[in-house]
Amino acid sequence: MWFVFTSALFLYASPSIANLPPIRVAVLSFEDQAGFQGKWQLSRDVPRLLGMHLDNVPGILVVSSDSLSNVQSRDQNASQSGRLWRSIAERLGADVLIRGNVRKFGVRRTVAGDPNTLGYKSYTHSVWLDEIELIDGKSGSILSTLNVKKDSVERPMQFNLFGKPSSQDREFRALLSAEFASDKFYGLTFGRHVRVVFDDLSGDIADSLLTRDSFVLPENAKVLAVDGEQIYLNVGVGDMIRRGDIFPIIQDGKRVGVIRVEEIIGQHLSKAVIMERKSPIKTGLSLGKRLLPGKLKN
């Protein structure tokens with residue numbers, strides 16, 4: 001199951017673009033191994049919540065579709081999965097796909113003593129997500145893998161007298177009826193824990209996609225050839241660039257265009273498309289410092 005938030009297309013050869021287009025991300029269904037006994041559907045609800053958090057990150061645009069059926073990709077071999085991801089990304093118009101597993105999601109209550117007389121309880125709020133894969137939509141390869149394992153333990157400084165339910169007990173039961181990501185959900189201690197975890201996770205994903213380890217292009221980074229709206233560059237995987245990177249084209253110290261890397265061909269060879277140009281882009285022009293998607297170019 002996929003979820004629709006919004007969508008956009010890259011604009012090319014337009015001198016009036018005020019912001020660089022964002023990276024288009026599709027959050028696919030997660031595999032639910034948590035076994036939550038309430039009415040939540042974690043395989044659907046967790047990616048939808050992650051998409052909502054990511055959609056608030058400058059430079060990222062969440063795109064997806066309810067029209068595609070759930071893909072059981074875990075049974076595919078590596079080469080088949082690569083083709084599968086490329087096909088899905090093309091159908092969704094996505095630059096990056098995200099998928100993962102839900103290992104734990106909920107509250108565990110631990111009781112010491114006799115709960116009907118004089119007992120002590122603790123509550124562990126757990127969100128464990130693993131194998132969160134960020135997949136390049138063009139090649140089908142994995143860009144990075146993230147894991148989240150965050151517990152918050154609440155040990156109320158009170159005893160449970162003669163089985164009388166505490167406020168934590170009432171919250172524990174309320175989880176079974178609270179709609180996922182609703183106001184009631186976020187009013188609970190576990191809901192607040194979830195909000196913090198997903199804020200952190202979306203930040204980690206943004207760092208991976210937008211602000212990865214800095215790199216410096218070679219001084220001779222330039223345009224090798226121009227073929228209509230496509231150009232070839234003398235930089236590649238050996239220069240730490242990757243598909244989706246955006247660079248200005250420089251002539252006499254001034255920006256005359258903006259290009260986006262579409263394919264990494266070799267160690268020092270890649271293909272890009274022209275996103276914007278103020279004057280003709282010619283062979284031999286230099287590349288400037290990498291620009292961040294969704295940010296002002298000035």
Side-chain angles (χ1 to χ4, degrees), residues 1-10 19-32 34 40-68 70-71 73 85 88-103 105 127-150 180-182 185-186 191-213 242-246 260 290-296:
M1 182 73 69
W2 289 266
F3 306 94
V4 179
F5 295 95
T6 182
S7 61
L9 296 175
F10 284 105
N19 293 289
L20 294 176
I23 293 177
R24 297 167 295 185
V25 174
V27 187
L28 309 184
S29 294
F30 277 40
E31 185 175 345
D32 178 13
W40 305 337
Q41 298 183 36
L42 296 179
S43 62
R44 178 196 66 187
D45 294 332
V46 166
R48 180 167 56 184
L49 182 58
L50 178 57
M52 293 171 64
H53 280 255
L54 287 173
D55 214 29
N56 292 323
V57 176
I60 292 179
L61 179 67
V62 176
V63 297
S64 202
S65 172
D66 285 325
S67 63
L68 295 176
N70 189 22
V71 179
S73 60
W85 302 138
I88 292 174
E90 182 178 359
R91 293 168 70 182
L92 296 177
D95 299 309
V96 175
L97 305 175
I98 299 177
R99 64 169 185 166
N101 294 327
V102 183
R103 298 293 184 185
F105 202 94
V127 176
W128 293 14
L129 311 174
D130 65 8
E131 296 182 42
I132 304 169
E133 295 176 343
L134 279 56
I135 303 169
D136 180 65
K138 186 73 172 182
S139 66
S141 61
I142 298 174
L143 298 172
S144 61
T145 301
L146 303 174
N147 296 293
V148 174
K149 182 179 179 181
K150 294 190 176 181
F180 192 88
S182 64
F185 175 86
Y186 285 123
R192 293 190 289 272
H193 178 64
V194 168
R195 189 193 297 274
V196 171
V197 170
F198 276 72
D199 279 343
D200 291 344
L201 175 58
S202 61
D204 290 342
I205 292 174
D207 286 344
S208 181
L209 294 179
L210 302 175
T211 58
R212 66 184 193 274
D213 292 342
R242 70 185 186 200
R243 194 185 78 87
D245 282 345
I246 300 174
R260 182 180 188 271
R290 173 177 172 259
L291 301 170
L292 293 180
K295 302 293 185 180
L296 290 172

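None of these values were measured; they are calculated from a predicted model.
Taking CG from Leu97 and CD1 from Ile88, the interatomic distance works out to 6.5 Å, rounded to the nearest 0.5 Å. To the nearest 0.5 Å, atom CG of residue Leu42 and atom CG of residue Asn101 are 12.0 Å apart. Atom CG of residue Leu210 and atom CD1 of residue Ile23 lie 4.5 Å apart, to the nearest 0.5 angstrom. Note: Ile98 CD1 to Leu201 CG = 8.0 Å, rounded to the nearest 0.5 Å. Note that the CG atom of Asn147 and the CG atom of Leu129 stand 9.0 Å from one another [nearest 0.5 Å]. In this structure, CG on Asp55 lies 6.0 Å from CG on Leu61, to the nearest 0.5 angstrom.
Partners of Ala181 according to the side chain to side chain contact (heavy atoms under 4.5 Å, CB included) rule, which considers only residues two or more places apart in sequence or in another chain, are Leu49, Tyr186. Residues meeting the side-chain hydrogen bond (donor to acceptor under 3.5 Å, both in side chains) test with Ser141, sequence neighbours left out: Ser139. In terms of the ring pair (Phe, Tyr, Trp, His ring centres under 6.0 Å) criterion, residue partners of His53 (sequence neighbours excluded) are, by chain and number, Phe198. Every residue two or more places apart in sequence or in another chain that forms a side chain to side chain contact (heavy atoms under 4.5 Å, CB included) with Val196 is listed here: Asp200. Shown here are the side chain to side chain contact (heavy atoms under 4.5 Å, CB included) partners of Glu90, two or more places apart in sequence or in another chain: there are none. Legend: residues meeting side-chain hydrogen bond (donor to acceptor under 3.5 Å, both in side chains) with Ser182, ordered by chain and number and at least two apart, are absent. Evaluation of the side-chain hydrogen bond (donor to acceptor under 3.5 Å, both in side chains) rule for Arg192 yields Thr189 as partners, not counting sequence neighbours.
Judged purely by atom type and a 3.5 angstrom limit, Asp95 uses its side chain to pair as donor or acceptor with the backbone of Arg24. For Arg99 (side chain) and Pro47 (main-chain N/O), no donor-acceptor pair under 3.5 Å exists by modelled atom type.
A salt bridge is defined here as a Lys NZ or Arg NE, NH1 or NH2 lying under 4.0 Å from an Asp or Glu carboxylate O, and Arg242 with Asp245 fails to meet this definition.
At a threshold of 4.5 Å between non-hydrogen side-chain atoms, the residues Leu50 and Ile205 count as touching. Using a 4.5 Å heavy-atom threshold, the side chains of Leu134 and Val25 count as separate.
The two residues Gly51 and Val62 have their closest heavy-atom pair at O-CG2, 3.3 Å. The two atoms that bring Asp199 and Ser202 nearest to each other are O-OG, 2.9 Å, heavy atoms only. Contact between Leu92 and Ala26 at its shortest, heavy atoms only, is CD1-CB, 3.7 Å. In terms of heavy atoms, Lys150 sits closest to His193 at O-NE2, 3.2 Å. The two residues Ser208 and Ser144 make their nearest non-hydrogen contact at OG-OG, 2.8 Å.
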Check against side-chain contact (heavy atoms from CB on, under 4.5 Å), Asp32 and Val46: CA-CA 9 Å; Asp32 178 13; Val46 166; over 6 Å; no

Steps toward ring pair (Phe, Tyr, Trp, His ring centres under 6.0 Å) verdict (Phe30, Phe105): CA-CA 13 Å; Phe30 277 40; Phe105 202 94; over 10 Å; no

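Within the structure, the ring-ring contact (aromatic ring centres under 6.0 Å, His included) test picks out no pair touching residues 128-150 (sequence neighbours left out).
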